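Reminder, nothing fancy here: chain letters follow the sequence lines and each chain counts from 1. The shown structure was predicted, so the numbers you read here are calculated from the model rather than taken from an experiment.
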Number of protein chains: 2
Amino acid sequence: MKATLKMIAQALGVHPSTVSRALSGKPGVSEELRIKIINLAQEMGYLPDSRARSLRQGHTRIIGIVIPDMGNPFFSQAVSAMEKVLFPLGYSFFLCVTEENSEKEKVLLENLVSYKVDGILAAPVDRVKNTKLYKEVQKRGIPVIFFDRRLVTIDTPYAVIDNRGAVVTLIDYLWQKGHRTLGVITLHKESYTGMERLDAVAKRAKELGIKIEAEWIKDGMSTEMGAYKAALEFFKNRRLPTALFVSNNVMALGVLKALKELKVKVPDDISVVTFDDSFWNQIFEPPITCVAQDPEQLGMIAATMMLNRIRYPEKKLEGVVLKTRFIERASVKDLTKARG
Amino acid sequence: MKATLKMIAQALGVHPSTVSRALSGKPGVSEELRIKIINLAQEMGYLPDSRARSLRQGHTRIIGIVIPDMGNPFFSQAVSAMEKVLFPLGYSFFLCVTEENSEKEKVLLENLVSYKVDGILAAPVDRVKNTKLYKEVQKRGIPVIFFDRRLVTIDTPYAVIDNRGAVVTLIDYLWQKGHRTLGVITLHKESYTGMERLDAVAKRAKELGIKIEAEWIKDGMSTEMGAYKAALEFFKNRRLPTALFVSNNVMALGVLKALKELKVKVPDDISVVTFDDSFWNQIFEPPITCVAQDPEQLGMIAATMMLNRIRYPEKKLEGVVLKTRFIERASVKDLTKARG
DNA sequence: AGCATGAACTCAAACGTTTGCGGATCTTGC
DNA sequence: GCAAGATCCGCAAACGTTTGAGTTCATGCT
């Protein structure tokens with residue numbers, strides 16, 4: 001049924017400690033006895049109890065992963081990459097899905113410290129909320145690395161992308177193609193990325209003299225459905241801008257569905273650019289111009305940072321800001337030529 | 001830093017057991033002392049050590065989730081649904097990604113029993129491999145529920161979909177539309193679903209007199225890239241069937257990319273049907289006809305079965321087979337009309 | 001007064017490991 | 001023949017909980 005060290009020890013008439021040493025390859029047990037122990041353990045199907053072991057040893061080899069949403073391929077790919085880095089080194093994973101809910105995030109984090117994970121990779125819900133909590137976690141000796149999003153109130157290593165730079169690239173591109181009016185489907189503003197991106201869009205648009213009227217900004221609530229509804233609302237406007245900026249991948253999907261339903265022609269009726277690249281951007285007709293971030297790279301880097309943090313806890317780690325890749329496709333109309 | 005029962009006890013000059021009882025709301029401690037203890041615990045930021053607790057209590061409130069691939073939205077949505085059912089009941093999750101690798105699956109499962117999870121929700125890699133392992137796991141008292149895929153060699157509760165019925169629906173539809181030749185992009189055949197679907201396609205096609213030539217069957221290896229390459233290979237054939245069957249969602253994506261690249265017109269050049277529905281099926285031009293399964297429903301049901309299994313271990317659980325939904329879109333040409 | 005009842009709390013064992021220490025036995029060198 | 005050292009193994013404490021059993025003491029009942 002279940003075998004323990006004690007049972008193996010008893011069966012062989014030796015002390016549990018001897019069995020422990022034999023199985024973990026420690027010195028102090030004769031070769032003869034060792035193979036006898038190993039064989040019996042094998043036969044009895046012995047597997048050590050990780051809880052007991054970690055209780056004694058002080059580490060669990062578990063990493064907690066905190067993400068807002070499983071359905072978003074961006075996050076599932078990032079997690080996948082982390083797993084690829086960390087699993088070969090013997091780590092297991094505690095999966096925590098916050099659903100953009102700070103309260104739930106709190107419960108989940110307490111859970112993680114309760115289980116004494118060796119580290120936490122988190123994309124926090126809010127850019128300031130739960131600051132105390134994250135601080136507390138670190139005070140207990142559990143290293144935290146933020147990825148994709150971070151708390152702006154706390155000095156913790158992070159791997160994020162250059163949101164502002166990416167936005168500037170997109171807006172400049174639109175400007176260059178002759179666009180002077182712009183609509184925006186936003187993320188929920190409490191998140192780090194939501195704030196960064198909307199801020200950057202507004203700022204750059206202002207600098208270039210691109211007009212964004214209040215009713216052209218719609219809250220997509222970071223979800224596909226939210227963006228779908230936001231898009232429907234958006235197209236109710238009498239006057240429309242020449243271009244539409246969508247703030248992330250899942251919302252892009254919602255918008256694309258709405259576009260298809262409303263039979264809006266891209267780019268003739270309106271030009272579209274999105275933050276993030278996902279499958280559907282390429283499959284859509286026409287394919288969508290965007291700035292892409294590489295979730296796998298982000299996950300790998302965050303995981304690697306975590307390893308460094310675990311191995312050299314005293315060493316200071318710098319935050320990493322990843323560059324994005326601009327992908328020009330066919331969803332933006334060149335207004336300069338159109339007029340010329 | 002970190003607070004333990006013992007420390008709280010010492011600070012108040014009482015015995016740890018009293019603190020334990022006070023905090024867990026058990027009788028046998030005066031109201032006065034109880035609130036003193038609760039307050040101090042609060043103040044010291046006490047969080048119980050789940051390992052120690054579970055070691056003593058015999059259960060962990062952790063469920064292991066075993067899936068082949070995080071990147072596949074089918075699985076991430078199923079997991080998401082499980083999480084939604086189980087989290088409110090106090091369960092946490094161990095995430096295991098097998099990457100379709102039986103060896104890795106073995107390591108992961110041993111990990112799970114090592115951590116003494118309360119149950120395992122698994123979509124096993126192979127339809128027969130690791131049978132012994134899964135048996136062993138259950139013999140140790142850890143309930144297992146299979147979802148999406150199952151081991152055919154073992155009597156374990158499962159929630160899968162009606163693969164054969166779904167295939168029949170699709171094939172019959174094609175037949176009805178006048179198609180008499182068919183190509184197939186297959187999953188890797190070792191998986192439960194891979195076997196079921198290919199088998200069903202071949203059988204039904206034969207019954208109806210639909211011809212599937214050997215070179216029209218290409219192995220998509222269950223991955224997007226695999227299917228992409230398989231599709232490119234497929235279209236090198238001189239003679240082509242009138243319709244193409246793609247065995248799951250991620251492979252559909254690969255095929256759609258290939259179609260776009262090769263500028264193959266759907267449904268004029270070839271008709272396409274797929275197993276599974278995903279975002280891209282709707283976004284593609286034309287939208288793709290398919291049989292859809294509901295991953296969220298699957299996840300919910302599997303999770304609920306797990307709860308039953310945990311609560312009433314002796315009760316026999318029947319396997320559940322979910323019906324699929326046929327979604328007619330515009331990717332199949334009606335050859336009967338075309339000729340008429 | 002005598003005795004049972006019950007409340008409040010302590011004791012100690014248990015869950016399954018790991019590990020420093022110490023004791024016994026054996027080898028080695030002189 | 002014997003001290004020194006190495007080798008092998010047992011002992012017991014420790015990790016942080018929970019929990020059945022036991023102790024103390026006040027109270028109620030007859």
Peer 1: Let's test your reading of the model: under 3.5 Å, does the base of D:dC8 pair with the side chain of A:Thr18 as donor and acceptor?
Peer 2: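 For A:Thr18, whose side chain was compared with the base of D:dC8, there is no donor-acceptor pair (under 3.5 Å).
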Peer 1: Rounding to a whole Å, what distance do you find between B:Lys116:NZ and C:dG16:P?
Peer 2: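 It works out to 8 Å between those atoms.
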Peer 1: Figure out the CD/P separation between B:Gln10 and D:dT17, and round it to whole Å.
Peer 2: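 One finds 14 Å between P of D:dT17 and CD of B:Gln10, rounded.
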Peer 1: I want to verify a distance call: between D:dT17, C:dT10, C:dT18, whose nearest atom is closest to the B:Ser17 side chain?
Peer 2: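 Comparing D:dT17, C:dT10, C:dT18 against the side chain of B:Ser17, the answer is C:dT10.
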Peer 1: Is the shortest side-chain N/O distance from A:Lys6 to OP1 or OP2 of C:dA14 below 4.0 Å?
Peer 2: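 Checking A:Lys6 against C:dA14: no side-chain N or O falls below 4.0 Å of OP1 or OP2.
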Peer 1: Has the side chain of B:Arg53 got a donor or acceptor that lies under 3.5 Å from a partner of the other kind on the base of D:dT17?
Peer 2: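 Counting by modelled atom types and ignoring angles, no donor-acceptor contact under 3.5 Å is found here.
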Peer 1: If I take atom NE2 in residue A:His59 and atom P in nucleotide C:dT17, what distance separates them, rounded to the nearest angstrom?
Peer 2: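 Checked: the NE2 to P distance equals 16 Å.
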Peer 1: Check whether any side-chain N or O of B:Ser20 sits under 4.0 Å from OP1 or OP2 of D:dT17, and answer yes or no.
Peer 2: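 Checking B:Ser20 against D:dT17: no side-chain N or O falls below 4.0 Å of OP1 or OP2.
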Peer 1: Rounding to a whole Å, what distance do you find between A:Lys36:NZ and D:dC9:C1'?
Peer 2: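 Checked: the NZ to C1' distance equals 13 Å.
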Peer 1: Tell me what B:Leu47 touches on the nucleic acid: a base, only sugar-phosphate, or nothing, going by heavy atoms under 4.0 Å.
Peer 2: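 Sugar-phosphate, backbone atoms only, no base.
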Peer 1: Reckon A:Thr4 touches a base, only the sugar-phosphate, or nothing at all at heavy-atom distances under 4.0 Å?
Peer 2: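 A:Thr4: backbone/sugar contact only, no base atoms under 4.0 Å.
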Peer 1: Return no unless some side-chain N or O of A:Tyr115 is found under 4.0 Å from OP1 or OP2 of D:dG16.
Peer 2: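 Checking D:dG16 against A:Tyr115, no side-chain N or O comes under 4.0 Å of OP1 or OP2.
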Peer 1: Establish, yes or no, whether a centroid distance under 6.0 Å links the rings of B:Phe94 and A:Phe94.
Peer 2: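 Yes, they do, as the ring centres are separated by less than 6.0 Å.
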Peer 1: Looking only at N and O atoms, is any donor in the side chain of B:Arg56 or the base of D:dT17 less than 3.5 Å from an acceptor on the other one?
Peer 2: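 Donor-acceptor pair under 3.5 Å: no.
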Peer 1: Name the nucleic acid region contacted by A:Ser30, choosing base, sugar-phosphate or nothing; use a 4.0 angstrom heavy-atom cut-off, strictly under.
Peer 2: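 Sugar-phosphate, backbone atoms only, no base.
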Peer 1: Need to verify one output field. Residue with the more 5' nearest nucleotide on DNA chain C, B:Val14 or B:Ala52?
Peer 2: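 So the residue in question is B:Val14.
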Peer 1: What closest approach, in Å, do A:Tyr46 and B:Arg140 show between heavy atoms, and which atom pair accounts for it?
Peer 2: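 Residues A:Tyr46 and B:Arg140, closest heavy atoms: N-NH2, 4.4 Å.
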Peer 1: Is there a donor on the side chain of A:Arg21 or the base of C:dT17 sitting less than 3.5 Å from an acceptor on the other?
Peer 2: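 Absent.
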Peer 1: Hey, does A:Pro48 reach any base, or is it just sugar-phosphate, or nothing, if we go heavy atoms under 4.0 Å?
Peer 2: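 The residue A:Pro48 makes sugar-phosphate contact but no base contact.
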Peer 1: Distance check, rounded to the nearest 0.5 Å: A:Leu55 atom CG versus B:Asp49 atom CG?
Peer 2: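 A:Leu55 atom CG to B:Asp49 atom CG measures 6.0 Å (nearest 0.5 Å).
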Peer 1: What is the distance, rounded to the nearest whole Å, between atom CD of B:Glu31 and atom C1' of C:dC9?
Peer 2: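 Going from CD in B:Glu31 over to C1' in C:dC9 covers 15 Å.
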Peer 1: So A:Leu317 and A:Ile145, do their side chains get closer than 4.5 Å, heavy atoms only?
Peer 2: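 The answer is yes, as the side chains (C-beta and beyond) meet within the 4.5 Å cut-off.
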Peer 1: Taking CG from A:Leu12 and P from D:dG10, how many angstroms apart are they, rounded to a whole number?
Peer 2: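 Those two atoms, CG and P, are 10 Å apart.
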Peer 1: Starting at atom NZ of A:Lys26, determine the distance to atom C1' of D:dC9, rounded to an integer number of angstrom.
Peer 2: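 So the NZ-C1' distance, A:Lys26 to D:dC9, works out to 15 Å.
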Peer 1: How close or far is atom P of D:dT24 from atom NE2 of B:His15, stated in whole angstroms?
Peer 2: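 Taking NE2 of B:His15 and P of D:dT24, I get 15 Å after rounding.
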Peer 1: Can you check whether A:Tyr91 reaches A:Met82 side chain to side chain, under 4.5 Å on heavy atoms?
Peer 2: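 Result no, sub-4.5 Å side-chain heavy-atom pair not found.
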Peer 1: When the aromatic ring centroids of B:Tyr192 and B:Phe146 are compared, is their separation below 6.0 Å?
Peer 2: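 Between B:Phe146 and B:Tyr192, which both carry aromatic rings, the centre distance is not below 6.0 Å.
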